[in-house]
Asks: 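Below is the structure I would like to discuss, written out as structure tokens.
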Amino acid sequence: MRLSQFHLNTYKESPSDAEVMSQKLMLRTGMIRKLSGGIYTWSPLGLRVLRKVEGIVREEMDRAGALEILMPAVAPKELWEETGRWDQFGAQLLKMTDRAGREFCFGPTHEEVVTDFARNELKSYKQLPKNFYQIQMKFRDEIRPRFGVMRGREFLMKDAYSFHLDEAGLVREYQNMFDTYSRIFTRLGLKFRAVQADTGAIGGSGSHEFHVMASSGEDALAYCEDSDFAANVEMAEAICADTRLAATQTMEKVSTPKQTTCSDVAALLGIDIKRTVKAVAVVRTDNKFALVLVRGDHTVNDIKLSKLSGMADFRLATEAEIRETMGCVPGFIGPVKSKLPIMVISDRTVAAMSDFVCGANEAKFHLQGVNFGRDLPEADLIADVRNVIDGDLSPDGKGVLSIARGIEVGHVFQLGQKYAQAMNATVLDDQQKAAVMYMGCYGIGVSRIVGAAIEQNFDERGMIWPAAIAPFYISVLPMNAHTSESVKVAAEALYQELSAAGFDVLLDDRNARAGVMFADQELVGIPHRVVVGEKGLDAGTVEYKGRRDAESKNIPRAEFVAWLKALRGA
RNA sequence: CGGAGCGUAGCGCAGCCUGGUAGCGCACCACCUUGGGGUGGUGGGGGUCGCGAGUUCAAAUCUCGCCGUUCCGACCA
């Protein structure tokens, strides 16, 4: 591509509302332009990257035996009512009405549509298994779209759905997709990790998320260096290997006039924060109060808590509710001698503690030397309700956990019969009986991958694309082509030769100053560049520099294309 | 949904408090200049100051309403 024939429109400044680096850089380079909140136009530059990601995903899905289809983006209400999701999906579902007054939604995901397709197409077990996928724009009316294409309302997604006669078939395809996803992210050139994920309301027996590792990621992941254990912190089990020691102290009230947090209290008393217990007041589904106890340095895991009986819709208590129910201001509440009998849910770690410190249920005081059984009854419920932290024991017993951040770019699910059952999607089995099919679903956020790739690969000058998804593989920058005919001719010849050799080349024929060409090439993140200058030509060389390299190197002009091929191969 | 901020040229911003001819930088156009890290200069084009009402002789500026947009979301004791 000749830059003079392309459309490149870079900015020196990024819009003030851009928050994350990928968003800033995508807007500065003009890869995307915002039309409305969470809705973007992909420019020629941006679309090149998006299409490359899409291409790799498509190739690997095809290779795995999945069959591409294209479903409508708009689906009728009736289909969504079959599964109950018309109402269940909530405000995220963009609904619309046609001229006849019939209601539709813009698909945020396609289980209903594909299951309808499958129940009409698949009549015999002999047609199974099948895996249908599509790559298509989805729309989810996010409460707070942000981070550019990382959490847009409209986004490009690859969604696949597999159909099986039995669970064993589903498990096989699930593994096939898991392996396929690993190949896809490896080919994309991204550092990623597959983690066990919460199956949420969808249920089913298995689910993994694929995350691109980046410090700006929204999800925390727990993984073990010594084994293959990896899970979203949302669901990683917190192990407590400790057993409770006998009490050695007597319970005593201590003055903590301003210390409302565990770390402040620990600092005041000169003790390890691990000897403190914090109490979180929550309101249960039945509107009754409960007190959740976790160690001072731990945090409550909302998802784990919500899975406990009666806690499905729990919420944190308001300050007013705490005052009313506990008779104490927040900051000093605790499980000992509360005003009313309140259900106490203790994390396993807390249950194994002795001689600990907690709020005294009296403003400006805490208690120390507190022990279960003696100073307060054993908790009503002991459960894993905390988030794992760095250094915790791995649930598989093979080492300790580390925590890292990631961006969820893929999710594989064993759906089981949930949708097939609701929509009566059956095939005849070899006994000539109708059998409800088993389903799996497998998603990849194609447009999100573009953002995630930038979050993982940038520096102060701009983006740094993995070669597989770079908008261009190499740029040819002629120095002073406006005055030097020999440079102009040589650059053109090199451009032709590289193109013929199959490279995706960008020739900067704008007659711009060197600084402008360098700045744009680096901002756009083209992984390789070759500078053609008069001095070099006299010596028979061109100047090569990789986007991450500190120094450029001179390569004999005659050997350059072969040299670059070798570099690509390596 | 609740709270807060913002809305002035394509982008980044000033002006608003204290009402009186709408500005700056980048980008864009023309000419000159420069030519290996976003040259320097001269001259230009482009804005119903988010929309609507009100106050006033006069509103970007003050008041009210609406719309859009961005951020934060309780107190994890």
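Numbered from 1 within each chain, the chains take letters A, B, ... in sequence-line order. Because the structure is a prediction, the values reported are computed rather than measured.
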Asks: Return the residues of residues 512-528 of chain A meeting this criterion: a heavy atom under 4.0 Å from some atom of RNA chain B. Order them by number, or give none.
Replies: A/Arg513, A/Ala514, A/Gly515, A/Val516, A/Phe518, A/Ala519, A/Asp520, A/Glu522
Asks: Rounded to whole angstrom units, what separation is found between the CZ atom of A/Arg510 and the C1' atom of B/G37?
Replies: 13 Å
Asks: Could you measure between the two P atoms, the one in B/C49 and the one in B/A4, and give it in whole Å?
Replies: 27 Å
Asks: Sequence neighbours left out, what passes ring-ring contact (aromatic ring centres under 6.0 Å, His included) with A/Phe365? Give chain and number order.
Replies: none
Asks: Does the gap between the ring centers of A/Phe503 and A/Tyr495 come in under 6.0 Å?
Replies: no
Asks: For the residue pair A/Asn480 and A/Thr483, confirm or rule out a side-chain donor-acceptor distance under 3.5 Å.
Replies: no
Asks: What is the distance from CG of A/Asp508 to P of B/G36, rounded to the nearest Å?
Replies: 15 Å
Asks: Please determine if A/Arg315 forms a cation-pi arrangement with A/Phe289, meaning its NZ or CZ atom is less than 6.0 Å from the six-membered ring centre and no more than 45° off the ring axis.
Replies: no
Asks: Expressed in angstrom and rounded to an integer, what is the separation of A/Asn511 atom CG from B/G36 atom P?
Replies: 13 Å
Asks: For the P atoms, the ones on B/G41 and on B/G35, what distance do you get once it is rounded to whole angstrom?
Replies: 16 Å
Asks: Mapping A/Met479 and A/Phe332 to their closest nucleotides on RNA chain B, which lands nearer the 5' end?
Replies: A/Met479
Asks: Could you tell me which nucleotide pairs with B/C1 by Watson-Crick or G-U wobble geometry, both distances under 3.5 Å, or answer none if nothing does?
Replies: B/G73
Asks: With a 3.5 Å limit on both atom pairs, tell me what B/C24 is paired to, counting Watson-Crick and G-U wobble, or say none.
Replies: B/G12
Asks: Could you tell me how far B/C67 sits from B/G23 if I compare only their P atoms? Round to whole Å.
Replies: 33 Å
Asks: Is there a donor and acceptor pair, one atom on the side chain of A/Arg529 and one on the base of B/G37, closer than 3.5 Å?
Replies: yes
Asks: Give a yes-or-no answer on whether the side chains of A/Glu103 and A/Thr97 include a donor-acceptor pair shorter than 3.5 Å.
Replies: no
Asks: Round to a whole Å and report the spacing from NE2 of A/His482 to C1' of B/U39.
Replies: 12 Å
Asks: Report yes or no: do A/Thr349 and A/Arg386 form a side-chain donor-acceptor pair below 3.5 Å?
Replies: yes
Asks: Please check if any side-chain donor atom of A/Asn457 sits under 3.5 Å from a side-chain acceptor atom of A/Arg547, or the reverse.
Replies: no
Asks: When the distance from CD of A/Glu142 to P of B/C1 is rounded to whole Å, what number comes out?
Replies: 16 Å
Asks: Each nucleotide N or O in nucleotides 74-76 of chain B that has a protein N or O under 3.5 Å away: list the pair and distance.
Replies:
| from | atom 1 | to | atom 2 | distance (Å) |
| --- | --- | --- | --- | --- |
| B/C75 | N3 | A/Ala317 | O | 3.2 |
| B/C76 | O2' | A/Lys278 | NZ | 3.4 |

Asks: Can you work out whether A/Tyr11 or A/Pro145 has the more 5'-proximal nearest nucleotide on RNA chain B?
Replies: A/Tyr11
Asks: Take atom NZ of A/Lys535 and atom C1' of B/G35, then tell me their distance rounded to the nearest Å.
Replies: 12 Å
Asks: What distance, rounded to whole Å, do you find between the two C1' atoms, one in B/A9 and one in B/A22?
Replies: 11 Å
Asks: Could you work out the separation of B/C29 and B/G45 based on their C1' atoms and round it to a whole Å?
Replies: 7 Å
Asks: I'd like a list of close polar pairs between nucleotides 26-32 of chain B and the protein, N/O only, cut-off under 3.5 Å.
Replies:
none

Asks: Less than 4.5 Å apart, side chain to side chain, heavy atoms only: is that true for A/Arg557 and A/Thr541?
Replies: no
Asks: Give none if B/U18 has no partner; otherwise give the nucleotide forming a Watson-Crick or G-U wobble pair with it, both distances under 3.5 Å.
Replies: none
Asks: With a 3.5 Å limit on both atom pairs, tell me what B/A58 is paired to, counting Watson-Crick and G-U wobble, or say none.
Replies: none
Asks: Answer yes or no: side-chain N or O of A/Glu543 and base N or O of B/G36 forming a donor-acceptor pair under 3.5 Å.
Replies: yes
Asks: Using atom C1' in both nucleotides, what's the gap between B/G12 and B/G7 to the nearest angstrom?
Replies: 14 Å
Asks: When the C1' atoms of B/U56 and B/U69 are compared, how many Å lie between them, rounded to an integer?
Replies: 31 Å
Asks: Can you confirm whether A/Lys95 is buried at NZ, in the sense that more than 12 heavy atoms of other residues, nucleotides or ligands lie under 6.0 Å from that atom?
Replies: yes
Asks: With respect to the phosphate group of B/C11, does any side-chain polar atom (N or O) of A/Ser14 fall under 4.0 Å of OP1 or OP2?
Replies: no
Asks: Got a sec? Which of residues 488-499 of chain A come in under 4.0 Å of RNA chain B, heavy atoms?
Replies: none
Asks: To the nearest angstrom, how far is A/Arg28 atom CZ from B/G12 atom C1'?
Replies: 12 Å
Asks: Expressed in whole Å, how much space separates the C1' atoms belonging to B/G3 and B/G43?
Replies: 50 Å
Asks: For A/Asp520, which of A/Arg513, A/Arg529, A/Arg28, A/Arg510 qualifies under salt bridge (Lys or Arg N to Asp or Glu O under 4.0 Å)?
Replies: A/Arg510
Asks: Can you pull out the residues from residues 34-45 of chain A that lie within a 4.0 Å heavy-atom distance of RNA chain B?
Replies: A/Lys34, A/Ser36, A/Gly37
Asks: In the strands shown, is B/A30 matched to any nucleotide by a Watson-Crick or G-U wobble pair with both distances under 3.5 Å, and which?
Replies: B/U42
